[in-house]
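My questions will all concern the structure given below.
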Amino acid sequence: MKILSLIVGIAGTALPALAQPPVAAPAPLLHLSTSFDLVVHASYAKTAPLFGPDGERAWAGKHWNPEFIHPQPARDEEGAIFTIQHGPYKAVWVNTLFDIDGRHFQYVYFIPSIMVTVIDVRFKPAGADATGVNVVYTRTALTPEGNEHVTAMSEDDKTAGTDWQKAIDEHLAWLGAHPAP
């Protein structure tokens, strides 16, 4: 009887542990890509500089204010490293590819503990004085909190082509009305 009581006692203490609900697995980290196309109504020679981090200042608005770490003084080149304020976060950007002849630029930026973004920009002729631009954003969450940022920013990316088109068109119109001396 003592052995049976001992077995029941051991089994009784083990059962609550077995009855515990399983711990939920964390949500998978998101990895999303979005793309858009636009046409810049200018030659490639005039278009390409508008897509460098320093050149983008001319049309991207006041929120685009890269603070260059390298090179100094600031200039658009492969290997450039700069920071951009994204709301409460400071993102670190690297220009990983700035191939003027190959018509291909690429940037990687990360917001620590939130996400990493790769931006791929490719250019193609679209007429005598027009350049087609294809932009692909690929965003990867680094944490579950990052999933919310990836989702929200990927939604914004879906309308960015229209916004960029308008801002670049306005910039080019202003340049046409104010030619350099």
Taking only residues two or more places apart in sequence or in another chain, which ones pass salt bridge (Lys or Arg N to Asp or Glu O under 4.0 Å) with Glu145?
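Here no residue qualifies.
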
With a 6.0 Å cut-off on the ring centroids, do Trp93 and Trp64 count as close?
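Yes, the ring of Trp93 comes within the 6.0 Å limit of the ring of Trp64, centre to centre.
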
With a 4.5 Å cut-off on side-chain heavy-atom distances among I, L, V, M, F, W and Y, is there a chain of contacts connecting Ile84 to Leu142?
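No: no chain of side-chain contacts under 4.5 Å links Ile84 to Leu142.
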
Contact between His31 and Val150 at the side-chain level, heavy atoms closer than 4.5 Å - yes or no?
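The answer is no, as the side chains (C-beta and beyond) never meet within the 4.5 Å cut-off.
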
Under a 3.5 Å cutoff, is there a donor and acceptor pairing between the side chains of Gln106 and Asp120?
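Yes.
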
Consider only side-chain heavy atoms of I, L, V, M, F, W and Y, link residues closer than 4.5 Å, and tell whether Leu32 and Met153 are in one cluster.
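Yes, one cluster joins them.
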
Side chains of residues 39-46: which donor-acceptor partners sit under 3.5 Å, not counting sequence neighbours?
residue: Ser43; atom: OG; partner: Lys46; partner atom: N; Å: 3.4
residue: Tyr44; atom: OH; partner: Ile100; partner atom: O; Å: 2.7

Are Phe110 and Ile69 connected in a single hydrophobic cluster, I mean Ile/Leu/Val/Met/Phe/Trp/Tyr linked by side-chain heavy atoms less than 4.5 Å apart?
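Both belong to a single hydrophobic cluster.
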
Show, in sequence, the C-alpha distance, side-chain angles and deciding distance for Thr117 and Thr138, and conclude whether the side chain to side chain contact (heavy atoms under 4.5 Å, CB included) test is met.
CA-CA 6 Å; Thr117 300; Thr138 303; over 6 Å; no

Contact summary for Phe51 and Val121, nearest pair of heavy atoms
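Minimum heavy-atom contact is CD2-CG1, 4.2 Å.
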
Close aromatic pair by centroid cut-off 6.0 Å: Tyr109 and His86
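Yes, ring centres under 6.0 Å apart.
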
Closest approach of His171 to Trp59 (non-hydrogen atoms, all atoms of both residues)
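Scanning both residues completely, I find the closest heavy atoms to be CB-CB, 3.8 Å.
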
Please enumerate all residues that pass side chain to side chain donor-acceptor pair (under 3.5 Å) together with Asn65, with sequence neighbours excluded.
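Asn65 satisfies side chain to side chain donor-acceptor pair (under 3.5 Å) with Arg57 once adjacent residues are dropped.
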
Check whether any side-chain N or O of Thr143 sits under 3.5 Å from a backbone N or O of Ser113 as a donor-acceptor pair, and report yes or no.
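A pair under 3.5 Å: yes.
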
Is it true that Tyr89 and His149 have ring centroids separated by less than 6.0 Å?
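Yes.
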
For residues Pro66 and Pro53, report the shortest heavy-atom separation together with the two atoms involved.
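The answer is CG-O, 3.4 Å.
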
Decide whether Leu97 and Val94 are clustered together by the hydrophobic rule: side chain heavy atoms of Ile, Leu, Val, Met, Phe, Trp, Tyr closer than 4.5 Å, transitively.
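Each belongs to a different hydrophobic cluster.
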
At what distance, to the nearest 0.5 angstrom, does NZ of Lys158 lie from OG of Ser35?
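These two atoms lie 11.0 Å from each other.
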
Evaluate the side chain to side chain contact (heavy atoms under 4.5 Å, CB included) criterion for residues Leu38 and Ile168: first the C-alpha distance (whole Å), next the side-chain angles of each, then the deciding distance (0.1 Å), finally the verdict.
CA-CA 10 Å; Leu38 61 137; Ile168 292 170; 3.9 Å; yes

Which heavy-atom pair separates Ala141 from Asn147 by the least distance, and what is that distance?
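Closest pair (atom of Ala141, atom of Asn147, distance): CB-OD1, 3.1 Å.
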
Reported CD-to-CH2 distance for the pair Glu56 and Trp164, which is rounded to 0.5 angstrom:
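If I round to the nearest 0.5 Å, the distance is 5.5 Å.
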
Given side chains that start at C-beta, do those of Asn95 and Phe105 come closer than 4.5 Å, heavy atoms only?
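No, side chains not in contact.
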
Just so I know, are the side chains of Pro144 and Leu29 near enough to count as touching, which here means a heavy-atom distance under 4.5 Å?
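Pro144 vs Leu29: side chains touch.
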
Applying a strict under-4.5 Å side-chain criterion to I, L, V, M, F, W and Y, I'd like to know whether Val136 and Leu30 cluster together.
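Looking at the clustering, Leu30 is in a separate group from Val136.
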
Residue pair His70 / Gly79: nearest heavy atoms and the distance that separates them:
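Between these two residues, the closest heavy atoms are CD2-O, 3.6 Å.
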
Heavy-atom side-chain proximity of Arg103 to Pro125 below 4.5 angstrom
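SC-SC contact between Arg103 and Pro125 confirmed.
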
Check whether any side-chain heavy atom of Asp54 sits under 4.5 Å from a side-chain heavy atom of Phe68, and report yes or no.
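SC-SC contact between Asp54 and Phe68 confirmed.
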
For the residue pair Gly55 and Asp76, what are the closest heavy atoms and their distance?
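What the structure gives for the nearest pair is N-OD2, 3.0 Å.
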
Going by the side chain to side chain donor-acceptor pair (under 3.5 Å) test, name the single residue among Asp157, Thr151, Thr34 that passes it with Arg139.
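Testing each of Asp157, Thr151, Thr34 against Arg139, the sole residue satisfying side chain to side chain donor-acceptor pair (under 3.5 Å) is Asp157.
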
So Trp174 and Leu172, do their side chains get closer than 4.5 Å, heavy atoms only?
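Sidechains of Trp174 and Leu172: no contact.
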
